[in-house]
*Asks:* 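Starting off with a structure, shown below.
Numbers for residues simply follow the sequence, beginning at 1. Order of appearance sets the numbers: ligands from 1, and atoms from 1 within every ligand. Values reported hereafter were calculated over all heavy atoms of this structure, with side chains retained and with hydrogens, waters and symmetry mates removed.
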Amino acid sequence: MSKAILFEKLDNKSVKCTCCYRRCVIANGKTGECGVRKNRNGELFLEVYGYGKSVHVDPIEKKPLRHFYPSSFAYSIGSIGCNFTCSFCQNWKTSMATRQGIDIEDLDIGKKLSPEQIVKNCIKENCKSIAYTYNEPTIFAEYIYDTAKLAHKKGIKNVMVSNGYMSPETIELLSPYIDGINIDLKAFTNEFYQNLSGVRLSPVLRNIERWYRLGVWVELTTLVIPDENDSDEELENIAKFIYGIDKNIPWNVSAYHDDFKMQNHGRTPLETLKRAYKIGKKQGLNHIYLGNVRSDKHTSTYCPNCNKMIMKRQRRVLIEMNISKGCCKFCGTEVKGIWSDEFPKPYLERPKDIKDIIYETNSNSNILDIRQNPTFSITHFDKEHRIAILFGTQTGTTEELAHQLLLRFRLTPHVESSFDINVIDLENYSVENLPSESIVIILTSTYGNGEPPQNAHRLWKYLQSFNSNQTPHLLESIKYSILGIGSSIYSENYQKFSRFLDHQFEKLGAEKILPLNEIDITNPSSNTFNSWSKNLIKEIVESQGIVVKENQLKNSNISQNKFEIQMDESNQNVPIQNFVNENNQKMYYDHTNPYISEIIQKKELSQSGKKRSYEPRSVYFLEMRINSRIMKYEAGDHLCVFPENDPKLVTQLCERIKIDPMKPIMIKNDLRFQNTITIGEFLTKYVDISSILPQNSLLILSQYCKNKKEKKKILLYESNQEIYQKEIMREKLNIIDVLKKFPSIEIEFQELVNSLPRMAPRLYSIASSFNSNPESVGILVRVVQNGLCSGYLSHKEIGSKISIFLQKSTFKYNPKIPSVFIAAGIGIAPFYGMLMERTLVPDSQRKSLVFIYGCRNSNDDFLLKKEIFELKENHLIDKTLFAFSRESNKKVYVQHVLKDNIDCLKDISQNQGNIFLCGTIQMGKDVRKVLESVFGDLSVLRQKQRLFEEYW
Ligand SMILES: Cc1cc2nc3c(=O)[nH]c(=O)nc-3n(C[C@H](O)[C@H](O)[C@H](O)COP(=O)(O)O)c2cc1C
Ligand code: SF4
């Protein structure tokens, strides 16, 4: 046993383990989920430190590592316990030993084996490396750390065989000493990870990439289980993912046999593995190996260039080596891997002096057959005052508010010492822990057809799986409050998910602290976040006997910053690199991890130069490159673009807070920041300093107001919605304006960053078709006065880099169903993509299409006019109807044209066709009135998915 390094102390002698992504909060006397990390009186101890449960000498190929000192031996050690709960575990006797309800002190944890002893033994056994393996090594990270450090001093390499669920802190601790790692990529769906292993997929994907980018040799293994992860699609997705990082990463696909709790799947047929091999090859992977089966052809290595066999293996034994100095002997092409300087000695049989098993302590000694146990023992955290602030978000708005709420808690006197408060992304939250929570606050948006945002899908499914009649008390230990963010444009789906949560929590026995608070983003006066959060904190804090007075706030060093900034002590300035980190090309692109794209076409669409009584609005068609192997979209989907602040504003802000924009900083708690960046770059890209300062930001600024009068005033803006609207919103004041208005504010950089909203991505309807051109994506950008993103994009030229990601929508067209498209102005964008898709459908299958379009004048702002006329001429549009509002004295809009051609709607009604609307909110209202005259209540059409709307 030894004191752990990877943990944080909490109140009431609880600790938070930071060793793996589970981040267990562990009460005094308890162990974390893995069962080997125990809280002893407010300190975390690694109970298995200095003990080896299984110790063998293995060929490195057994790990499997095929490109890491082939034919060498690894001194392999394993312990007990695991942070996963795989029902198909092939090593369950040791990994699940901690889940029988037996105290770790009463379990057989193996024989004493100090780090020094391991290194000595390794040298004695003539092993090239030490492998931390058999059970999940992450959970004994501190034992690895001490051993691996000693090993490196003696020239011994270190390898891990892992499920890849370690925390970034663990990677930081271990990576300097780890030379190779084999990570299990068990499947490619979150459902698989969730249902069969009790964890999430995304941290594993991110970690694979992290280890790779750190320069550690990475190989991957997939245990292919019949009917669970053996579909072409799943295998293809895994292969694509690997290819996206590096096609030279070896992919080991292994055969499964029934084990542990999974007893009905049988063995993986050789044919299935061969299919995986073919799929991997088709996707462009250079090195695929079959495991747990006999197929020498598929366990040998081939040159990625000349395709000759360069490592011949029989089973996993290397019998011929044709790689020299890292290159193919036949054609000289480099083969990626870690190769020995001297030519490795292939072994036909195991050298006599190597004893295979050093020892294996009796694995049955005190292990019950826990296969019979229907549930594993799960740690319950008896922390009475734990507050979990969970957020569900698609583009970051709600995440921002969750952090603001935390800030407000922290600024309330006595709260930090009385509560353990955590803001948690729902994607990272183990929903099974929900019933053992005490106070849960959920902030969430609603998307699509009233669905949750992507990161909240697990919570949604989890809550749906309970019937309140059967489990009316499931959540009875919880007090909760929900904040919903939504848009009333989405009529009957408005706040659907937050309402579902509120309803379901109540039905399952949870106690409501405050009624559901709904914020409508289309109505600024509905923004009751400030008053809601104040009341909520008051209710929670006062229930503990603490009295909260109005505006009685304390200065606080916030312990969970939005961006954890660390000034680079070396103080060496780094050059601003175009504000784009080229190396940051990850696999899964979302708001936390955008894709760095390049503009390949920019075309002005509106006609200019003609004198009008009104100013024609500039509209651009922008085309950007995408990585079609991993980024796919359908017509109707959205492209999200991250804008950047004007560098002039950045300079002004830096001058005001007296900080050097060239000063280098590190951001510690965000995966996007792998390297040092400058303050200037950070302020340009990651926080919004251009938009109107949100009311929430004022609270933290008020803390740094030196002048009492100013402080009073700023707090008034913060608490009074009307005054805020009048003085800040209408005046369009951004952070720099506010700092000018309140000259006595003196604020540190970290605190300033805490007060600022993150840079939010802006959504654009995609105006292109993936099936016509998979290499790029197009959008229409209308340049709006003071518009941050449109202004930013309008200044970008061909070749400029921008951060983007794709987002699914429910605005979906099927050319085989009769349809009417109704668009105004830039609302033509999604229809253009759909029309492109329509050209790909055979004539005989295409059903009728009426296209109604409105703009001001047919000569100025009729977007994509030529293209629309061409499509009409080629009979790809059956009927076109246009409304020009500024061509005659009479203002004609699309609703008028629609009314005059009401027969086209009647056709749609008779033929069960679909209607699509895209334009402004006002246009939507006007057109809906006409639709109602034909269809009556439109909610029926919406429910049947025959009416699709997109407004802004
Ligand atoms: C494509 C799309 C669909 C949406 N669907 C709904 C909906 O069905 N109901 C609703 O109340 N709000 C809906 N909204 C509004 C979002 O909830 C709102 O934009 C929110 O601010 C997003 O917050 P987030 O960035 O935290 O995800 C939708 C927004 C978009 C862009
Ligand atoms: S499962 Fe174990 S290693 Fe992971 S956080 Fe919990 S206690 Fe730490």
*Asks:* Answer yes or no: does an N/O atom from Ser809 fall short of 3.5 Å to an N/O atom of ligand 1?
*Replies:* no

*Asks:* Should Arg758 and Glu399 count as an ion pair when the cut-off is N to O under 4.0 Å?
*Replies:* yes

*Asks:* In the protein, what heavy atom is nearest to atom 9 (N) of ligand 1, and what distance, to one decimal place, separates them?
*Replies:* Asn493 O, 2.9 Å

*Asks:* How close does the nearest protein non-hydrogen atom get to atom 13 (C) of ligand 1, and which residue and atom is it?
*Replies:* Thr446 O, 3.1 Å

*Asks:* Which residue, Phe948, Tyr832, Phe821, forms the ring-ring contact (aromatic ring centres under 6.0 Å, His included) with Tyr813?
*Replies:* Phe821

*Asks:* Which residue supplies the protein heavy atom nearest to atom 4 (C) of ligand 1, what is that atom called, and how far is it?
*Replies:* Tyr490 CZ, 3.3 Å

*Asks:* Closer than 2.8 Å to atom 2 (Fe) of ligand 2, do we get an N, O or S atom from Cys34, backbone or side chain?
*Replies:* yes

*Asks:* To the nearest 0.1 Å, how far is atom 24 (P) of ligand 1 from its closest protein heavy atom, and which atom is that?
*Replies:* Thr393 OG1, 3.3 Å

*Asks:* Could you go through the side-chain hydrogen bond (donor to acceptor under 3.5 Å, both in side chains) check for Gln922 and Thr920 one step at a time?
*Replies:* CA-CA 5 Å; Gln922 188 55 45; Thr920 60; over 6 Å; no

*Asks:* Can you check which of Arg37, Glu33, Lys16 brings a heavy atom nearest to atom 3 (S) of ligand 2?
*Replies:* Arg37

*Asks:* Salt bridge check: are Lys812 and Glu837 linked by an N-O gap of less than 4.0 Å?
*Replies:* no

*Asks:* Measuring to atom 4 (Fe) of ligand 2, does Cys20 have an N/O/S atom at a distance below 2.8 Å?
*Replies:* yes

*Asks:* Mind checking whether Glu950 contacts ligand 1 via backbone (N, CA, C, O), side chain (CB onward), both or neither, at a 4.0 Å heavy-atom cut-off?
*Replies:* neither

*Asks:* Is a donor from one side chain sitting under 3.5 angstrom from an acceptor on the other, for Thr147 and Tyr132?
*Replies:* no

*Asks:* Does this structure show an ion pair linking Lys38 with Glu105, if we count only N-O contacts that are shorter than 4.0 Å?
*Replies:* yes

*Asks:* Show me which atoms of ligand 1 lie under 4.0 Å from any heavy atom of His638.
*Replies:* 1 (C)

*Asks:* In ligand 1, which numbered atoms sit nearer than 4.0 Å to a non-hydrogen atom of Thr395?
*Replies:* 24 (P), 25 (O), 27 (O)

*Asks:* In terms of atom number and element, which parts of ligand 1 are under 4.0 angstrom from non-hydrogen atoms of Gly486?
*Replies:* 10 (C), 11 (O), 12 (N), 17 (O)

*Asks:* Using heavy atoms and a 4.0 Å limit, tell me yes or no: is Gly450 in contact with ligand 1?
*Replies:* yes

*Asks:* Looking only at non-hydrogen atoms, which of Ser445, Gly636, Gly392, Ala456 approaches atom 23 (O) of ligand 1 most closely?
*Replies:* Ser445

*Asks:* Specify side chain, backbone, both or neither for Gln495, according to which of its non-hydrogen atoms lie closer than 4.0 Å to ligand 1.
*Replies:* backbone

*Asks:* Which protein heavy atom lies closest to atom 21 (O) of ligand 1, and at what distance to 0.1 Å?
*Replies:* Ile485 CG2, 3.4 Å

*Asks:* State, yes or no, whether a side-chain contact exists between Leu763 and Trp952 at a heavy-atom distance under 4.5 Å.
*Replies:* no

*Asks:* Report the part of Ser487 in contact with ligand 1, treating N, CA, C, O as backbone and CB onward as side chain, heavy atoms under 4.0 Å; options are side chain, backbone, both, neither.
*Replies:* both

*Asks:* Are Arg23 and Glu169 within salt-bridge range, i.e. N to O under 4.0 Å?
*Replies:* yes

*Asks:* Donor-acceptor pair, Ser697 side chain versus Leu693 backbone, under 3.5 Å?
*Replies:* no

*Asks:* Using a strict 4.0 Å cut-off to heavy atoms of Asn83, name the atoms of ligand 2 that fall inside it.
*Replies:* 1 (S)

*Asks:* Counting from 1, what ligand 2 atoms have a heavy atom of Arg23 closer than 4.0 Å?
*Replies:* 5 (S)

*Asks:* Passes side chain to side chain contact (heavy atoms under 4.5 Å, CB included), Arg928 versus Leu938? Steps please.
*Replies:* CA-CA 8 Å; Arg928 282 200 300 268; Leu938 297 181; 3.8 Å; yes

*Asks:* Going by distance only, is there an N or O of Thr397 that falls short of 3.5 Å from an N or O of ligand 1?
*Replies:* yes

*Asks:* Among all protein non-hydrogen atoms, which one is nearest to atom 8 (O) of ligand 1, and what is the separation to 0.1 Å?
*Replies:* Gly448 O, 3.1 Å

*Asks:* Can you tell me if Ser197 uses its side chain to pair, donor with acceptor, with the backbone of Val199 under 3.5 Å?
*Replies:* no

*Asks:* Taking Gln495 for the side chain and Glu518 for the main chain, is one N or O donor matched with an acceptor at less than 3.5 Å?
*Replies:* no

*Asks:* For Tyr494, which part has a heavy atom under 4.0 Å from ligand 1: side chain, backbone, both, or neither?
*Replies:* both

*Asks:* With atoms numbered from 1 as shown, which atoms in ligand 2 lie under 4.0 angstrom from a non-hydrogen atom of Ile139?
*Replies:* 3 (S)

*Asks:* Taking atom 6 (Fe) of ligand 2 as the point of reference, which of Gly32, Ala4, Cys24 owns the nearest heavy atom?
*Replies:* Cys24

*Asks:* What is the ring orientation for Phe916 with Phe831, classed by angle as parallel under 30°, tilted 30 to 60°, or perpendicular over 60°?
*Replies:* perpendicular

*Asks:* I need the contact type for Leu763 against ligand 1. Using non-hydrogen atoms and a strict under-4.0 Å cut-off, is it side chain, backbone, both or neither?
*Replies:* side chain

*Asks:* Is the shortest distance from a Lys or Arg side-chain nitrogen in Lys685 or Glu644 to a carboxylate oxygen in the other one below 4.0 Å?
*Replies:* no

*Asks:* Before giving the answer on side-chain hydrogen bond (donor to acceptor under 3.5 Å, both in side chains), spell out for Gln807 and His591 the whole-Å C-alpha distance, their side-chain angles and the decisive distance to 0.1 Å.
*Replies:* CA-CA 10 Å; Gln807 191 166 277; His591 75 282; over 6 Å; no

*Asks:* If you measure every N or O of Gln807 against every N or O of ligand 1, does any of those distances drop under 3.5 Å?
*Replies:* no

*Asks:* Just checking: Cys17, one of its N/O/S atoms, less than 2.8 Å away from atom 8 (Fe) of ligand 2, yes or no?
*Replies:* yes

*Asks:* What protein heavy atom sits nearest atom 26 (O) of ligand 1, and how far off is it?
*Replies:* Thr398 OG1, 2.3 Å

*Asks:* Anything under 30° is parallel, anything over 60° is perpendicular, the rest tilted; go ahead and classify Phe497 against Phe500.
*Replies:* parallel

*Asks:* Which bit of Ile521 is near ligand 1, meaning a heavy atom under 4.0 Å away: side chain, backbone, both or neither?
*Replies:* side chain

*Asks:* Looking at ligand 1, does any of its N/O atoms fall within less than 3.5 Å of an N/O of Gly396?
*Replies:* yes

*Asks:* When you check the side-chain N and O atoms of Glu142 and Ser2, is any donor under 3.5 Å from an acceptor?
*Replies:* no

